[in-house]
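So the structure is just underneath, and the comments pick up after that.
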Number of protein chains: 2
Amino acid sequence: MSRDFSHAAKQRRRSDQVTLSQVAEAAGVSPITASRALNHPEKVSERTRNSVLKAVEQLGYVPNLVAGSLASSRSKLIAVIVPSLINTVFVEVIKGLQETLEAEGYQILLGNTDYDLDREYQLVRTFLGWSCSALITAGLRHNQACQTLLNNWEHPIMEVMELGQGMDLNVGLDHVAAGRCMAKHLVDKGYRHIVYVGARMAQDYRAGMRYEGHQEMLQSNKIETPLIELDTLGSLQAGADSLTQVLTHYPHTQAIHFANDDLAAGALLAAQRQGLSVPNDIAIAGFNGLPLGQHVTPQLTTILSPREEMGRLAAKELIRRLSGKNVYRRQHDVGFTLQVGGST
Amino acid sequence: MSRDFSHAAKQRRRSDQVTLSQVAEAAGVSPITASRALNHPEKVSERTRNSVLKAVEQLGYVPNLVAGSLASSRSKLIAVIVPSLINTVFVEVIKGLQETLEAEGYQILLGNTDYDLDREYQLVRTFLGWSCSALITAGLRHNQACQTLLNNWEHPIMEVMELGQGMDLNVGLDHVAAGRCMAKHLVDKGYRHIVYVGARMAQDYRAGMRYEGHQEMLQSNKIETPLIELDTLGSLQAGADSLTQVLTHYPHTQAIHFANDDLAAGALLAAQRQGLSVPNDIAIAGFNGLPLGQHVTPQLTTILSPREEMGRLAAKELIRRLSGKNVYRRQHDVGFTLQVGGST
DNA sequence: CGCTGTCATGATAGCGCTACCATTCCTTTT
DNA sequence: AAAAGGAATGGTAGCGCTATCATGACAGCG
C-alpha cells in the first residue's frame with residue numbers, strides 16, 4: 001500500500017471525511033439534532049439517539065473537533081507547560097495530570113520551555129490560540145508579557161510545583177521550607193561543615209529556594225553555607241563529578257546537601273566506587289524521593305515530594321473549576337516528608 | 001443598505017478577543033491581506049507586512065488557531081501516542097520528538113494508552129478530530145478498528161520503537177535481534193543456566209520480542225530457556241523482588257537476562273544488599289542503556305538503544321514528508337549497541 | 001376551552017479564519 | 001503599441017460545527 005499526498009484534492013472540500021450532516025441525513029434528523037444526540041444525549045429522545053449512533057457507526061463518522069471548538073469557542077484541550085522533560089519530576093506530575101484529565105475526556109497539549117521564560121510566553125500564545133479550556137504551568141514565575149496575556153485570559157490557570165500566591169489556582173509545596181527541613185536534619189545530626197550543591201539554579205529556581213531555606217537554617221546556627229553550583233542540569237554523572245569538586249574545594253566537608261536525588265545518588269554511587277564510606281566519610285542528602293534513592297546502599301536521606309499526587313490534585317481542582325463548581329481553596333499545599341536513610 | 005451589527009454582535013461573540021479583521025482594519029488592509037502578512041509574509045509588500053505586524057503588536061492579537069485550522073483543514077498539531085509515561089524510555093523518545101517538532105513550530109498532542117489498544121483507538125479517533133498533520137505512535141501493533149481508521153487517513157503516520165513493515169513511516173530497532181545479541185553475549189561468556197525475566201510481556205510485547213530472540217539463540221545452543229514473568233511493570237523494586245524469585249525457582253541460575261535496565265539495576269542493587277557477588281554468584285544483564293546502569297558497581301551489561309535519537313530522527317523524517325519532500329526510505333533502523341559492563 | 005409549561009426538534013446565523021478567483025496596476029516582451 | 005506576464009491586494013464563499021431562538025405537540029390546570 002502506498003500513500004500519495006501529491007494530488008490531495010485541490011477542491012474546497014479537501015477531505016472526504018464524513019460530516020455530521022451526512023450522519024443526520026442517514027439518521028433522518030436535522031444536523032443540529034444529530035449534534036445534540038452526540039453532545040447532550042439527555043436532550044433527545046432515546047429513539048433519535050439510537051438512530052444517530054447507528055448512523056455514526058455505519059458511516060464511520062469521526063467528529064471534527066476543530067469545527068466544534070470554533071463554533072462553541074470551547075475545547076477539551078488543556079495546555080500543560082513544563083520546563084523540562086529530562087527531569088523525571090515533571091514527567092511524574094504530567095502523569096498524574098494526564099491520568100485524571102484523560103479520564104474526564106480532556107486532551108493534553110504539551111509544551112516544554114527548557115527553562116526559558118520567553119519560550120514559555122511563546123507557548124502560552126500558541127496554546128491560547130487553540131482555545132484551551134485551561135492552562136497548567138510549572139512554577140509561579142513568568143515574564144511580563146506572559147503575565148499580562150494570562151491576566152486577561154478568561155479560563156482557569158493552574159500553577160503547580162511551588163506554593164505561593166499565583167494568578168489563579170495553585171498546587172505545590174514550599175521549597176524554602178523543604179530546604180530548611182533538610183538543613184535542620186543535617187544540623188541535628190551534628191554536621192557542621194555542610195556544602196550545598198545545586199545545578200543551574202537561575203533556571204531551576206526552585207532548587208534556589210531550597211538553598212535559601214538551607215541558608216536560613218544554617219545561618220541561624222552560625223554555620224557557613226558554602227555553595228557549589230554546576231552548570232549542567234542535574235544527573236547522576238553531574239552528581240558524581242560534583243563529589244570530587246566538593247572534596248577539592250572544601251576538604252573538611254562532612255555532609256553534602258544536594259538539590260535533587262539525581263545528583264545525590266550519583267555522588268553516593270561515586271563515593272562507593274572511590275571507597276569512601278557514606279555517611280562516615282561523607283554524608284549525602286537529596287531531594288525528591290526518587291525510587292533510586294531507596295535502592296542504593298545506604299539508603300538516601302531525602303525529602304519526598306508527592307509528584308503524581310500533585311498532578312492528580314491539580315487536575316481534580318481544575319476539573320471542579322471547569323465544571324462550574326465552587327472552588328473553595330485556591331491554594332493547596334501538598335507538603336513533603338523528610339525521609340531519613342542511612343546516608344546521613 | 002447597512003446591516004445591523006449591534007444586534008448580531010451581542011448575540012454571538014462570546015469573547016472580546018481581538019480578531020484578524022480588527023487587525024486588518026487597524027492596518028488599513030483587508031482581512032485576507034492581514035492573514036497573508038502573518039502566514040505567507042513573502043507574498044505581501046514590506047510596507048503592508050510592517051503595518052500589519054504593528055497592528056498585531058498594538059492590539060495584542062493572538063491568532064485563533066482553531067479557526068485557521070478549520071478554514072485550511074491543516075493544523076500544526078502532531079499527535080503522539082505512547083503506551084506509558086512511567087517507562088522513561090518513551091519519555092526520552094518524546095523528548096527527541098518535541099525538541100525537533102517544536103523547533104519547526106509544531107505542537108504535540110500527547111496521549112497515553114496504558115498499553116491498551118482499545119484506548120489507543122479512542123485516542124486516535126480524538127486526535128484525527130483535531131486534524132493533526134501527522135500521528136506518531138509507539139509500536140506497530142494496533143487493533144482492527146484503529147488499523148482501518150488509519151488506513152483511510154490521509155496524513156503521514158510514523159510508527160516508532162520497533163522496526164518492521166508498518167502503515168507508513170517507521171523508525172525503530174529490531175528487538176528480536178537485540179534479545180538474540182544479549183543472549184549470545186551470555187552464552188559466549190560461558191553461562192549455561194540463564195533465566196529471562198520480563199514484566200507484563202503481553203502488553204510490553206517488545207520485551208516479548210527480545211525474549212523470542214533470546215530463546216532462538218539459546219535453543220540453537222541447546223540451552224534451556226526458563227522464563228519468569230512479573231505482573232507488575234518494570235521497576236527497581238520489581239527487579240529486586242524478582243531476584244529472590246529466580247533464585248528460589250532456579251537455584252542453579254548463573255545469569256539473568258532482564259527485559260530492561262530498571263529490573264536489572266533493581267536486581268543488581270538487591271544482590272549487593274544481600275551480599276551476593278555480581279557476576280561471580282550471579283550475572284546480570286539488562287536492556288536500554290539507562291544512565292543508572294553506568295553508575296552502579298559493577299557496571300551493568302546492557303544494550304544501548306538510541307532513544308532520543310530515535311525521536312529526533314522520526315521527527316525529522318516526518319517534517320521532510322510534511323514539507324512535501326520525497327521520503328526515500330520509509331523504514332529506518334536506528335540500531336543498538338551491546339555495552340559490556342562488569343555485571344556479566 | 002384557552003393558557004401556560006415542558007419536551008423534542010428544527011431553521012438560521014454565525015464562530016474567525018483562509019482557499020479560490022478576480023481585480024488592479026504595473027513591467028516586460030514581441 | 002498591443003499583448004502578456006507578474007506582483008499586490010481584495011471580494012466572496014465557505015470550513016463543519018453549535019448557540020440561539022422558533023416551532024409544534026401535548027400535558028396539566030383552572
Side-chain angles (χ1 to χ4, degrees), chain A residues 8-25 27-52 56 59 61-76 126 128-131, chain B residues 3-25 27-52 56 59 61-76 126 128-131 154:
Chain A
K10 268 280 179 177
Q11 291 295 332
R12 199 64 224 266
R13 291 231 35 236
R14 277 148 299 229
S15 77
D16 44 10
Q17 210 194 305
V18 181
T19 70
L20 187 59
S21 297
Q22 292 173 39
V23 170
E25 199 179 353
V29 297
S30 74
I32 184 67
T33 299
S35 166
R36 269 193 285 254
L38 296 176
N39 299 314
H40 308 280
E42 76 286 357
K43 290 191 178 171
V44 300
S45 70
E46 201 184 324
R47 251 186 88 246
T48 307
R49 194 184 322 136
N50 288 338
S51 61
V52 170
V56 165
L59 300 174
Y61 171 67
V62 176
N64 184 327
L65 300 174
V66 178
S69 298
L70 180 59
S72 65
S73 70
R74 273 187 279 105
S75 82
K76 282 278 209 172
T126 308
L128 296 203
W130 280 109
S131 17
Chain B
R3 288 204 282 161
D4 183 3
F5 283 111
S6 58
H7 193 70
K10 180 184 177 180
Q11 242 181 30
R12 225 22 224 239
R13 296 230 27 240
R14 276 153 299 239
S15 78
D16 44 10
Q17 208 195 302
V18 181
T19 70
L20 187 57
S21 297
Q22 293 173 38
V23 170
E25 199 180 352
V29 297
S30 74
I32 183 68
T33 300
S35 166
R36 271 193 285 256
L38 295 176
N39 299 315
H40 309 280
E42 77 287 356
K43 290 191 178 170
V44 299
S45 70
E46 200 184 325
R47 249 186 90 246
T48 306
R49 194 183 322 134
N50 289 337
S51 62
V52 170
V56 165
L59 299 173
Y61 171 67
V62 175
N64 184 328
L65 300 173
V66 178
S69 299
L70 179 59
S72 65
S73 71
R74 274 187 280 102
S75 82
K76 282 279 209 168
T126 308
L128 297 203
W130 281 109
S131 21
E154 47 200 10

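Numbers restart at 1 for each chain; the letters A, B, ... are given by sequence-line order, proteins then strands.
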Spacing between [X] atom [atom1] and [N] atom [atom2], to the nearest angstrom:
X: A:N64; N: D:dG14; atom1: CG; atom2: C1'; result: 14 Å
X: B:L20; N: D:dG10; atom1: CG; atom2: P; result: 12 Å
X: B:L65; N: C:dG16; atom1: CG; atom2: P; result: 13 Å
X: B:L70; N: D:dA13; atom1: CG; atom2: P; result: 18 Å
X: A:W130; N: C:dC17; atom1: CH2; atom2: P; result: 13 Å
X: B:L128; N: D:dC17; atom1: CG; atom2: P; result: 14 Å

Exercise. Output all residues satisfying side-chain hydrogen bond (donor to acceptor under 3.5 Å, both in side chains) with A:S21, sequence neighbours left out; order by chain, then residue number.
Key: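 Listed in chain order: nothing, the list is empty.
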
Quiz item: Between B:L38 and B:L20, is any pair of side-chain heavy atoms under 4.5 Å apart?
Solution: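 They are in contact (side-chain heavy atoms under 4.5 Å apart), so the answer is yes.
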
Quiz item: With respect to the phosphate group of D:dC17, does any side-chain polar atom (N or O) of A:Y61 fall under 4.0 Å of OP1 or OP2?
Solution: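 Indeed, a polar side-chain atom of A:Y61 lies that close.
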
Quiz item: Has A:R74 got a side-chain N or O lying under 4.0 Å from the OP1 or OP2 atom of D:dT18?
Solution: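 False: A:R74 side-chain N/O out of range (4.0 Å or more) of D:dT18 OP1/OP2.
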
Quiz item: In residues 30-50 of chain A, what residues come within less than 4.0 Å of DNA chain C, judged by heavy atoms?
Solution: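 Per residue number, the list reads A:S30, A:I32, A:T33, A:R36, A:V44, A:S45, A:T48.
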
Self-check item: Any pair counted as side-chain hydrogen bond (donor to acceptor under 3.5 Å, both in side chains), so long as it reaches residues 32-43 of chain B, sequence neighbours left out
Solution: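 The answer is B:S30-B:T33.
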
Quiz item: Is it true that a side-chain atom of A:S73 and a backbone atom of A:L70 form a donor plus acceptor pair closer than 3.5 Å?
Solution: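 Between the backbone of A:L70 and the side chain of A:S73 there is no qualifying donor-acceptor contact (under 3.5 Å).
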
Quiz item: Which is true for A:V29 with a 4.0 Å heavy-atom rule: it touches a base, it touches only sugar-phosphate, or it touches nothing?
Solution: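 The answer is sugar-phosphate, as A:V29 gets under 4.0 Å only of primed atoms, P, OP1 or OP2.
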
Quiz item: For the atom pair OG (A:S69) and CG (B:N64), what is the distance rounded to the nearest 0.5 Å?
Solution: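 Rounded to the nearest 0.5 Å, the OG-CG separation comes to 9.5 Å.
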
Practice problem: Could you walk me through whether A:V44 and A:V29 pass the side chain to side chain contact (heavy atoms under 4.5 Å, CB included) test, one step at a time? | Solution: CA-CA 11 Å; A:V44 300; A:V29 297; over 6 Å; no

